[in-house]
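Each remark here refers to the structure printed beneath this line.
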Number of protein chains: 2
Amino acid sequence: MGRRSIHTPEELRELIIDATTTIVEQEGLEGLSAREIAKRIGYSPGTLYNVFENLDDLLLIIEARLLDELALRLEGTDTSGSPSERLRRLVGTYFAFTQERPKLWNLLNEHRMPAGRTVPEWYQAKLDKLLAPLDEAMTPLLLDSDPSTRRQHARTLWASVHGMTSISTADKLSHVTAHIGRSLVDDLVQTYLAGLEKRTPARSAHS
Amino acid sequence: MGRRSIHTPEELRELIIDATTTIVEQEGLEGLSAREIAKRIGYSPGTLYNVFENLDDLLLIIEARLLDELALRLEGTDTSGSPSERLRRLVGTYFAFTQERPKLWNLLNEHRMPAGRTVPEWYQAKLDKLLAPLDEAMTPLLLDSDPSTRRQHARTLWASVHGMTSISTADKLSHVTAHIGRSLVDDLVQTYLAGLEKRTPARSAHS
DNA sequence: AAAAACATGGGACGACGTTCCATACACACT
DNA sequence: AGTGTGTATGGAACGTCGTCCCATGTTTTT
């Protein structure tokens, strides 16, 4: 077989990414294989390796898109109301996003880098970027704290929420349903914020 | 080849469990294979299937032991001092336990059941059992709340801590080191408890 | 001593990720 | 229109995986 040129390289790339995303969305990581992707797009497995280094890199691309999408969603979240209202809205957005396509979200937890390799630096950057909206929304609550303390609190809250959603989207602990997960996350934010106010009473007006 | 009877069935079972635990401890789940286990204990892969249904069931057994060990550790944690001291000690114990053998602990997150199967009921029970010490320690802080509310708070705190340790032991987000993880967990507990006191002021004496 | 029971090793199967290469097609040039 | 060149592609191949199966040879019973 030779050059078909039915699709441009860019089209082929998108074709592969779309098919892979669909598979993970429907079947989870365990339903994914190079041969299955190839079958769905009508190409042979070998072709995937002309476009991507290997499956891990392909998955990293998909994870990156997911993180970007979430970041966009967070940035677009309504910023009106009191700081704690804003924060609760942010966390609500975060949680809702993870529940829209749980198996796809779960990719972030399930997919591990192979033996020697580590996650690229831009991946960490994307993760860090998710912190910014939280950090920002937290600022009015922690006016008398230095930025690093604020960042620490933002990181704590983010890690907690992230961890809880991971539990909720993993099938393993299936009794933590989306509904229960939601109430756990709400409780966490509500109580954590109350704790912050108690530890460093805000001077600004609040709800 | 025939019956060797060098080991009794129970010995063989323990041999397999030990070898598997060691592999996961050292190499993580990705270093595990039936052939590798067999090689280490001087048997053939087929023999594993006389003792265990399949690798998933073997791993479930190991996870169960891990959960039991942690439950024991939590139950043995010093119960003196104020409720918040107790809680912080409990969470500290929990976190320390996960960091002792991070790759083994990570098994709980990495190992997924195959396609149709779900986690057995005793597995859930073991998970729930981990909540009891937290719940108990929380009681004095929430005297005016009903048990279900208390349980909800215990569950929230537990899920948050569990989620954060998962992030910290997964290699993916490797910048969340054990040290940072520890401070995040501490911040979480400290602030969450402060929030609880604010939301439902404790009547009992406290530190 | 013979027979039954059975633990075991080793081979086999299908699926996996990945690599490789002959080939058939698209394109540029005459 | 014909020729040549480059290359995208399909398909085969390799080593690994989980799992299954069964002839074999040892232990236990009769």
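For clarity, every value in this text was computed on a predicted model and none was experimentally measured. Numbers restart at 1 for each chain; the letters A, B, ... are given by sequence-line order, proteins then strands. Note: hydrogens, waters and symmetry copies are ignored here, and every other heavy atom, side chains too, is used.
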Step by step, work out the salt bridge (Lys or Arg N to Asp or Glu O under 4.0 Å) result for E69(B) and R101(B). CA-CA 12 Å; E69(B) 201 183 331; R101(B) 289 162 300 181; 3.2 Å; yes
Is any side-chain heavy atom of F95(A) closer than 4.5 Å to one of L90(A)? no
So salt bridge (Lys or Arg N to Asp or Glu O under 4.0 Å) across residues 105-116 of chain B, not counting sequence neighbours, yields none
Going through the distances and angles, do E100(B) and R73(B) end up as a salt bridge (Lys or Arg N to Asp or Glu O under 4.0 Å)? CA-CA 13 Å; E100(B) 286 173 14; R73(B) 197 82 72 87; 2.9 Å; yes
Under 4.0 Å between a side-chain N/O of Y43(B) and OP1 or OP2 of dG9(C), yes or no? no
Contacts of type salt bridge (Lys or Arg N to Asp or Glu O under 4.0 Å), residue D146(A), not counting sequence neighbours: none
side-chain hydrogen bond (donor to acceptor under 3.5 Å, both in side chains) partners of residues 20-35 of chain A, not counting sequence neighbours, each pair once: Q26(A)-R40(A)
How many Å lie between CZ on R13(B) and P on dA7(C), as a whole number? 15 Å
Listed in order of residue number, which residues of residues 57-65 of chain A have a non-hydrogen atom at under 4.0 Å from DNA chain D? none
E10(B) CD - dA7(C) P separation (whole Å): 12 Å
What residues form a side chain to side chain donor-acceptor pair (under 3.5 Å) with R155(B), not counting sequence neighbours? H175(A)
Going 5' to 3' through nucleotides 12-18 of chain D and flagging B where a protein heavy-atom sits under 4.0 Å of the base, S where only the sugar-phosphate is that close, and - otherwise, we get -B---BB
Separation of atom CG in N50(B) from atom C1' in dG10(C), rounded to whole Å: 13 Å
Which residue pairs pass the side-chain hydrogen bond (donor to acceptor under 3.5 Å, both in side chains) test when at least one of the two sits in residues 181-190 of chain A, sequence neighbours left out? R88(A)-Q190(A), R182(A)-D186(A), D187(A)-T191(A), D187(A)-H153(B), D187(A)-T156(B), D187(A)-Y192(B), D187(A)-R199(B)
Enumerate the residue pairs fulfilling salt bridge (Lys or Arg N to Asp or Glu O under 4.0 Å) with a member in residues 10-24 of chain B, sequence neighbours excluded, ordered by first and then second residue. E14(B)-R65(B)
The helix from dA1(C)-dT30(D) to dT30(C)-dA1(D): angle between terminal helix axes, five bp per end, to the nearest 10 degrees, reads 20°
Salt bridge (Lys or Arg N to Asp or Glu O under 4.0 Å) pairs, two or more places apart, involving residues 48-63 of chain A: D57(A)-R117(A), E63(A)-K172(B)
CG of L12(B) versus C1' of dC6(C): gap in Å, rounded? 14 Å
Just jot down the salt bridge (Lys or Arg N to Asp or Glu O under 4.0 Å) partners of K103(A), sequence neighbours excluded, or say none. none
Can you pull out the residues from residues 16-30 of chain B that lie within a 4.0 Å heavy-atom distance of DNA chain C? none
Tell me whether the rings of Y43(A) and H7(A) are parallel (<30°), tilted (30 to 60°) or perpendicular (>60°). tilted
Starting at atom CD1 of I41(A), determine the distance to atom C1' of dT9(D), rounded to an integer number of angstrom. 12 Å
